[in-house]
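To keep things clear, I will list the structure first and then write my remarks on it.
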2 protein chains.
Amino acid sequence: MRWADYDSETCSIARSVDILHDRWTLLLMRDLINGVHRFEALRAHLGVSRDVLSKRLAALVAAGVVERRSYQDDGERARAAYHLTEAGRELQPVLVALLAWGDKYLAGAAGPPAVLEHIGCGAAVSVRLVCDRGHEAAGAHVRLRPTEAARLRGES
Amino acid sequence: MRWADYDSETCSIARSVDILHDRWTLLLMRDLINGVHRFEALRAHLGVSRDVLSKRLAALVAAGVVERRSYQDDGERARAAYHLTEAGRELQPVLVALLAWGDKYLAGAAGPPAVLEHIGCGAAVSVRLVCDRGHEAAGAHVRLRPTEAARLRGES
DNA sequence: CAGTATCCCAAGCGATACTG
DNA sequence: CAGTATCGCTTGGGATACTG
């Protein structure tokens with residue numbers, strides 16, 4: 001297929017970007033995936049204003065990637081905490097890919113501030129594109145094939 | 001490490017997001033990686049204004065992920081085209097991860113408009129997180145370990 | 001075709017103050 | 001602590017017109 005035939009708006013990348021494209025959302029996801037769950041902790045760590053954090057969290061809850069939970073420590077009153085849903089956790093490859101790319105191209109002379117490691121064995125973790133038959137499938141070895149859904153849409 | 005110890009700004013994810021977080025950049029990268037290289041073709045396919053496209057391209061050239069080339073068809077005058085640099089091409093995993101996620105969670109009843117396939121064998125392509133010793137390393141089986149660079153920064 | 005210049009509007013964002 | 005309300009600034013972005 002010629003890529004230009006591929007509808008720019010219905011593209012899954014476009015839909016994903018629509019949810020994630022602002023300056024804070026991916027960093028917010030990063031913190032959530034790494035164990036920061038409370039409003040004030042998120043605000044302080046990200047350095048974002050309360051207002052924006054509130055809006056972002058609401059948007060992510062609406063999008064189904066974050067859920068709000070109440071919890072209660074002993075002797076304390078109930079508090080709210082935010083956790084990723086299954087859909088949210090599955091954005092991990094996006095974050096890892098961004099991390100790997102930033103490590104490689106933006107880290108500067110000092111090197112990356114942190115590396116991702118497999119807890120089981122301590123080896124470095126990387127992102128790979130593979131096909132169902134196990135072939136490495138990066139770069140030009142990959143193409144998009146339009147589905148029935150796209151064909152039907154095109155006819156309408 | 002406790003994630004909150006990890007500096008939010010020097011994080012490689014943050015640096016990457018800084019370059020990519022606007023509404024158009026990732027879609028622009030998508031089109032560039034898929035063979036749309038000319039200004040007017042990009043503008044038409046993305047549906048973005050000339051002004052913004054011009055700025056985005058300039059920013060991406062400055063960031064080193066896009067390069068501007070001149071080419072000349074027979075009998076035509078020279079024209080400009082934009083191509084990804086090596087660094088730009090290596091953002092492919094980010095795009096594939098976004099595509100896969102959108103396919104899974106945002107495609108709706110009709111299913112995704114296109115699927116990614118390995119040109120060699122036609123099998124579907126997916127993103128995997130693996131460690132250097134070949135272990136599958138997704139979800140909670142992964143952690144960030146601060147490097148010397150982070151320790152030095154923390155002391156300063 | 002490949003942009004730049006101008007204008008104006010809307011959205012994003014931060015600061016501050018306030019509420020339960 | 002966990003937010004909402006209000007304000008005003010700044011940036012992003014579309015429309016249109018213009019240039020090489």
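Note on naming: letters A, B, ... go to the chains in the order of the sequence lines (proteins, then strands), and numbering restarts at 1 for each one.
- Computed from coordinates, the L42(B) CG to dA2(C) C1' distance equals 12 Å when rounded to whole Å.
- Side chains of S8(B) and R30(A): a donor-acceptor N/O pair is present below 3.5 angstrom, by distance only.
- Annotation: side chain of E86(A) is in contact with side chain of Y105(B) (closest heavy-atom distance under 4.5 Å).
- Atom P of nucleotide dG14(D) and atom CG of L53(B) are separated by 11 Å, given to the nearest angstrom.
- For R50(A), no side-chain nitrogen or oxygen approaches OP1 or OP2 of dT6(D) to under 4.0 Å.
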Inset, instruction - Go ahead and write out DNA chain D as dot-bracket, 5' to 3': ( ) for pairs within the strand, [ ] for ones crossing earlier pairs, | when the partner sits on another strand, dots for unpaired; Watson-Crick or G-U wobble, both distances under 3.5 Å. - result: ||||||||||||||||||||
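- A straight line from CG of D18(A) to C1' of dA11(C) spans 14 Å, rounded to a whole angstrom.
- A 4.5 Å side-chain heavy-atom check between L60(A) and L28(A) finds at least one atom pair inside the cut-off.
- Taking atom NE2 of residue H37(B) and atom P of nucleotide dG3(C), one finds them 14 Å apart after rounding to whole Å.
- Between the P atom of dC1(C) and the CG atom of L57(B) lies a distance of 16 Å, rounded to the nearest Å.
- Not one side-chain nitrogen or oxygen of R69(A) sits closer than 4.0 Å to the OP1 or OP2 atom of dA2(D).
- Taking the side chain as every heavy atom from C-beta outward, R79(B) and H37(B) never approach each other to under 4.5 Å.
- Contact between the side-chain N/O atoms of Y82(B) and the OP1/OP2 oxygens of dG3(C) is found at a separation under 4.0 Å.
- Taking atom NE2 on H45(A) and atom P on dC1(D), their separation rounds to 16 Å, with Å as the unit.
- To the nearest angstrom, C1' of dG14(C) lies 14 Å from CG of L46(A).
- In this model, the phosphate group of dA2(D) is approached by a side-chain N or O of R38(A) to a distance below 4.0 Å at OP1 or OP2.
- Toward the 5′ end of DNA chain C lies the nearest nucleotide of F39(B), the other residue of the pair F39(B) and V52(A) mapping further downstream.
- Distances shown here put every side-chain N or O of R56(A) at or beyond 4.0 Å from the OP1 or OP2 atom of dG3(D).
- Counting non-hydrogen atoms under 4.0 angstrom, R43(A) reaches nothing in the nucleic acid.
- Closest approach of I33(B) and R89(B) over heavy atoms only: CD1-O, 4.2 Å.
- Each of G47(B) and E40(A) was assigned the nucleotide of DNA chain D with the nearest heavy atom; the assignment lying further toward the 5' end belongs to E40(A).
- Checking D51(A) against W24(B), the closest nucleotide of DNA chain D that is more toward the 5' end is the one next to D51(A).
- Distance, K55(A) NZ to dT4(D) P: 10 Å, rounded to whole Å.
- Relative orientation of the H135(B) and H118(A) rings is tilted, given thresholds of 30° and 60° on the angle between their planes.
- Within the 4.0 angstrom heavy-atom criterion, only backbone atoms of the sugar-phosphate kind lie near R79(A); the bases stay farther away.
- Between R50(A) and E40(A), at least one side-chain N (NZ, or NE/NH1/NH2) sits under 4.0 Å from a carboxylate O, which counts as a salt bridge.
- Under 3.5 Å, the side chains of D7(A) and T10(A) contain a donor-acceptor pair of N or O atoms.
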